[in-house]
There are 2 protein chains.
Amino acid sequence: MNKPRRSKPTLYQELHDRLAADLAAGVYPVGGRFPTEQELCARYSLGRHTVREALRLLEEAGLLSRQAGVGTVVLARTPPEVYSYRIDSIDNLTEYARVTIFDKKQEGVVTLRPKLAETLGAEQGSRWLRMAGLRHTQNDELPVAWTDIYISEPYIGVRDGIGGVSRAIYQKTSEQFGFTIARVERRIAAVSMPEDLAAELSSEPGAPALMERRRYWSDKGELFEITLSFHPGDRFTQTILLERET
Amino acid sequence: MNKPRRSKPTLYQELHDRLAADLAAGVYPVGGRFPTEQELCARYSLGRHTVREALRLLEEAGLLSRQAGVGTVVLARTPPEVYSYRIDSIDNLTEYARVTIFDKKQEGVVTLRPKLAETLGAEQGSRWLRMAGLRHTQNDELPVAWTDIYISEPYIGVRDGIGGVSRAIYQKTSEQFGFTIARVERRIAAVSMPEDLAAELSSEPGAPALMERRRYWSDKGELFEITLSFHPGDRFTQTILLERET
DNA sequence: TCATCTTAAATGTTCGGATAATGTTATGAC
DNA sequence: GTCATAACATTATCCGAACATTTAAGATGA
């Protein structure tokens, strides 16, 4: 994404570079006023469009703030160092989400007892539909995880036709009830493989495992789904790549 | 960041909304050409600046692609759903980075053997400065992790004055040698606590533990630092919050 | 047939000007 | 003094016009 330096840079690009250099050098104190468009036009003998284009670049870079009636304010001397982990779509939240299938083994409505409520990070005494089962890839013989899926009581309708389908459940829920997912929280911890899951996962009790909890919020701020997964340590690693934004 | 709908929307805002609606409705097929600026000016009786501002918004939303000599191409009907995990600064890559101190126990230059090279994801036979020790909080008695820090041979100079300082090592390295960190990769897996570390961490051998590997690249694409940490499972969890971008 | 040149079309850049919207500040009535 | 109002400064929006740059496609020639 770094454009090669043009042989003949544009005027607004040149002005932008110059002003950015001035900002970096501390010529304009942070929090103070930046020269007005008129001033810049006069000082550099440029048209207002050119000046505004340069200012727009500086604003997009997070260095300036512009507002009618106020003026242009200096926000920072250098662009903030920002690293981002970006996911293009909710569907590739993890690489295994799409390519694995859910083999439902248990189902029922539960009322959260204190201990489970704390594990899930949900209201004590609230009622949820719980579906539990194995998650594995199409061809592989060994399951990748044991997953407990909890769906908030108002949205229990999605149960119909879950088994084996590769579509994600949160997606179904959000489509069926017409809202969008606004927030997803993932929490990961290392635990011992619980005894009752070891057999299902063809693993040893007490072997290292990753416990992953996910909580999904709707755009109304409502927590509508929670999943709890146990991955055998030798079959699952998670990688996150952080890249600096340009 | 959602501005309240103005009582009197601007013309380019109105045009943007209308074109976005058309795109969503599939009026312009993805991959095909979008009407030219001239056409839009004529069709809606607007000046070119106004049309270009609307197109700029659509381009920023990821719906259109514009290029001189080619024209405007439809990229998508609706803006891509994007979730982002954003870190403002490299320093709060994890919440414990700043508040913990590193208690160096070992130090030496190593040449990577095949197995260690694979674990670290680095070149076999390359030489690194290895520093290892415990990481713990100021007041707490129990250490949070055992950490191996590997620094690429050209940058070994940073060793001076590492002990106990709370500044991060990658930060020192990048400052001292005058480059910026462009990429950070984190990889997490569940493992058994290695026998030789159990005593140091006051943990049990074989107990669940999180192994975290971090690799740091410079802006020149050079892998200059790798860290390997072992966290006792009962003293460390990791939480990531993904939020939908506006 | 292939490479090169020419041309046309589209977006990009830059000027000039005018009006609108938005805060800040000074003014003035009470 | 306090509050409403008017004047002002500044950015935002919008129009018109011209030229530059980039790319695709057609024309030309060896």
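Here is the naming used below: chain letters follow the sequence lines, and residue numbers restart at 1 for every chain.
B:Glu153 meets the salt bridge (charged side-chain N to carboxylate O under 4.0 Å, His left out) test with B:Arg127; sequence neighbours excluded. Taking B:Arg235 as the reference, nothing meets the salt bridge (charged side-chain N to carboxylate O under 4.0 Å, His left out) condition, with sequence neighbours excluded. Under the rule for a ring-ring contact (aromatic ring centres under 6.0 Å, His included), B:Tyr44 has no partner lying at least two apart in sequence or in another chain. Remark: B:Ser126 engages B:Leu112, B:Glu123, B:Trp128 in a side chain to side chain contact (heavy atoms under 4.5 Å, CB included) (not counting sequence neighbours). Residues forming a ring-ring contact (aromatic ring centres under 6.0 Å, His included) with B:Tyr150 (at least two apart in sequence, or on another chain): none. Evaluation of the salt bridge (charged side-chain N to carboxylate O under 4.0 Å, His left out) rule for A:Arg187 yields no partner, not counting sequence neighbours. Partners of B:Glu14 according to the side chain to side chain contact (heavy atoms under 4.5 Å, CB included) rule, which considers only residues two or more places apart in sequence or in another chain, are B:Pro9, B:Leu11. With sequence neighbours excluded, no residue satisfies salt bridge (charged side-chain N to carboxylate O under 4.0 Å, His left out) with A:Glu222.
Atom pair A:Tyr44:OH and C:dC15:P shows a separation of 14 Å (rounding to whole Å applied). In this structure, A:Glu53 atom CD and D:dA12 atom C1' are separated by 14 Å, rounded to whole Å. A:Arg56 has its CZ atom 15 Å from the P atom of D:dT11, to the nearest Å. Between the CZ atom of A:Arg52 and the C1' atom of C:dG17 there is a distance of 14 Å, rounded to whole Å. Regarding B:Glu37, its CD atom lies at a distance of 14 Å from the C1' atom of D:dT21, rounded to whole Å. For A:His16 and C:dT13, the NE2 to P distance is 13 Å, given to the nearest whole Å.
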Under 3.5 Å, sequence neighbours excluded: what are the donor-acceptor pairs made by side chains of residues 32-42 of chain A?
from    : atom 1 : to      : atom 2 : distance (Å)
A:Arg33 : NH1    : A:Val70 : O      : 3.4
A:Thr36 : OG1    : A:Glu39 : N      : 3.2
A:Glu37 : OE1    : A:Arg48 : NE     : 2.5
A:Glu37 : OE1    : A:Arg48 : NH2    : 2.8
A:Glu37 : OE2    : A:Arg52 : NH1    : 2.7

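Residue-environment remark: CD (B:Glu118) stays at or below the threshold of 12 foreign heavy atoms within 6.0 Å.
Counting only Watson-Crick and G-U wobble pairs whose two distances sit under 3.5 Å, DNA chain C takes part in these stems of three or more pairs: C:1-30 with D:1-30.
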Quick test: give all pairs of protein nitrogen or oxygen and nucleotides 14-17 of chain D nitrogen or oxygen below 3.5 Å, distance rounded to 0.1 Å.
from   : atom 1 : to      : atom 2 : distance (Å)
D:dC14 : OP1    : B:Leu11 : N      : 2.5
D:dC14 : OP2    : B:Leu11 : N      : 3.3
D:dC14 : OP2    : B:Tyr12 : N      : 3.2
D:dC15 : OP2    : B:Gly47 : N      : 2.8
D:dC15 : OP2    : B:Thr50 : OG1    : 2.1
D:dC15 : N4     : A:His49 : NE2    : 3.4
D:dC15 : N4     : B:His49 : NE2    : 3.3
D:dG16 : O6     : B:His49 : NE2    : 2.7

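Near-neighbour residues of DNA chain C inside residues 57-71 of chain B, defined by a heavy atom below 4.0 Å, number-ordered: B:Arg66, B:Gln67, B:Ala68, B:Gly69, B:Gly71.
Salt-bridge annotation for B:Arg56 and A:Glu53: present, with a side-chain N of the basic residue lying under 4.0 Å from a carboxylate O of the acidic one.
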